[in-house]
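Below, chains carry the letters A, B, ... as their sequence lines are ordered, and counting in each starts from 1.
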Amino acid sequence: MGDLLERENIEIKDLSGRWIAVDAFNTLYQFLSIIRQQDGTPLRDGSGRTTSHLSGILYRMTNLLEAGAKVAFVFDGDPPSFKRETLDQRAETRSRAEEMWERAKEEGLPGFKYAQASSRLGEEMIADSKRLLDAMGIPVVQAPSEGEAQAAFMAIRGDVDLVASQDYDALLFGAPKVVRNMAVTGKRKLPGKNVYVDVMPEVISLDKELSRLGIERRQLVEIGIMCGTDYNEGLRRVGPKTALKLIREHGDLERALMARCETIESAAEIRGLFLDPPVTDDYVIETKKPDAEKILRFLCDERDFSPERVDKAVKRLQEAVKVGQSTLDKWF
DNA sequence: CCTTGGTA
DNA sequence: TACCAAGGG
């Protein structure tokens with residue numbers, strides 16, 4: 001999907017004054033897989049509970065709010081039934097990676113990539129994340145099903161300006177603008193290699209891309225389905241370029257498949273899921289003041305964070321919210 | 001990922 | 001001030 005879409009590079013400060021709906025699961029997985037020690041171990045508290053995601057939330061969100069952005073986290077609800085196979089497959093891949101990591105450790109070989117691939121987002125981590133976000137004054141939205149669908153819905157309604165996710169699925173769900181690489185330091189390690197490259201935050205605008213490609217959203221969804229989504233495998237040897245060509249040639253998915261004498265199971269239902277997903281208007285997004293005491297108690301007393309570091313971040317957070325409010329006062 | 005502290 | 005390596009929990 002990425003090959004097809006043009007992105008506009010931005011800077012974090014361009015997000016000032018903007019509301020961003022963050023795809024929570026996507027972001028937490030990112031933190032979980034990347035925030036690790038050199039040997040691959042995630043950050044953990046004294047009782048062995050993983051804390052990488054909490055570190056990621058605290059520092060990245062503080063930076064983002066300091067830059068003047070407004071943020072809401074959108075959490076996944078129940079996965080659609082079509083996703084079962086994909087989820088089972090991912091679980092399988094994870095446990096194989098776990099085994100590989102164990103073996104690498106036993107043999108003293110580098111196992112960072114296996115450690116990353118074994119990242120699992122447990123219930124307690126989700127609860128901890130929500131608890132920290134709430135203490136930081138960041139609104140938490142519970143999606144009925146897919147978080148990206150809910151985030152896209154919020155953007156379509158104009159309650160947020162952007163959806164933040166590394167995936168392109170939010171676009172298929174209709175998000176007008178998706179921001180990727182929403183990090184501040186702008187450095188990322190290349191997979192496998194020990195090299196850092198500059199990674200800029202980038203925005204993809206749905207309408208702009210649709211008119212540039214000369215297609216409608218329904219057709220973009222169909223291209224996605226031909227390449228493969230979270231809900232289906234996609235056709236052999238068909239990537240974004242070929243899929244675009246096929247959809248342009250035949251107009252829609254059914255005719256493109258007919259012409260190639262191929263089928264995709266539940267294709268119509270999957271398309272329906274992207275075009276009209278389960279979402280809710282039962283959410284509130286408003287900035288609250290961070291509760292310094294709660295953040296410190298939780299992170300330092302219960303999760304063994306360094307009080308000095310957390311205190312510093314909290315001070316910055318409080319200042320950011322104060323500045324944000326006074327800027328707002330100027331406008332109204 | 002992000003912060004910190006050393007180095008030039 | 002800019003860059004790097006190491007450590008965070």
Report all side-chain donor-acceptor pairs from residues 237-249 of chain A shorter than 3.5 Å, counting only partners two or more places apart or in another chain.
| from | atom 1 | to | atom 2 | distance (Å) |
| --- | --- | --- | --- | --- |
| A:R248 | NE | A:L213 | O | 3.3 |
| A:R248 | NH2 | A:L213 | O | 2.6 |

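The hydrophobic side chain of A:L109 is isolated, with no ILVMFWY side chain under 4.5 Å apart from it. Counting Ile, Leu, Val, Met, Phe, Trp and Tyr side chains that sit under 4.5 Å apart, directly or through other members, A:Y114 shares a hydrophobic cluster with A:M100, A:W101.
For A:R271, the salt bridge (charged side-chain N to carboxylate O under 4.0 Å, His left out) partners are A:E222, A:E254, not counting sequence neighbours. Take A:E11 and apply the salt bridge (charged side-chain N to carboxylate O under 4.0 Å, His left out) test, not counting sequence neighbours, and it matches A:K13. In this structure A:E286 satisfies the side chain to side chain donor-acceptor pair (under 3.5 Å) test with no other residue, sequence neighbours excluded.
Of the residues in residues 40-53 of chain A, those lying under 4.0 Å from DNA chain C by heavy-atom distance are A:P42, A:L43, A:R44, A:T51. Listed by residue number, the members of residues 9-21 of chain A with any heavy atom below 4.0 angstrom from DNA chain B form an empty set. Near-neighbour residues of DNA chain C inside residues 120-140 of chain A, defined by a heavy atom below 4.0 Å, are absent.
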N/O-N/O pairs, protein side and nucleotides 1-3 of chain C side, under 3.5 Å:
none

Check: protein-nucleotides 3-5 of chain B nitrogen or oxygen pairs below 3.5 Å:
| from | atom 1 | to | atom 2 | distance (Å) |
| --- | --- | --- | --- | --- |
| B:dT3 | OP1 | A:N63 | OD1 | 3.4 |
| B:dT3 | OP1 | A:N63 | ND2 | 3.4 |
| B:dT3 | OP1 | A:R316 | NH1 | 3.2 |
| B:dT4 | OP1 | A:K312 | NZ | 3.4 |
| B:dT4 | OP2 | A:K312 | NZ | 3.3 |

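Note on residues 157-184 of chain A: pairs passing ring-ring contact (aromatic ring centres under 6.0 Å, His included), not counting sequence neighbours, are A:F173-A:F274.
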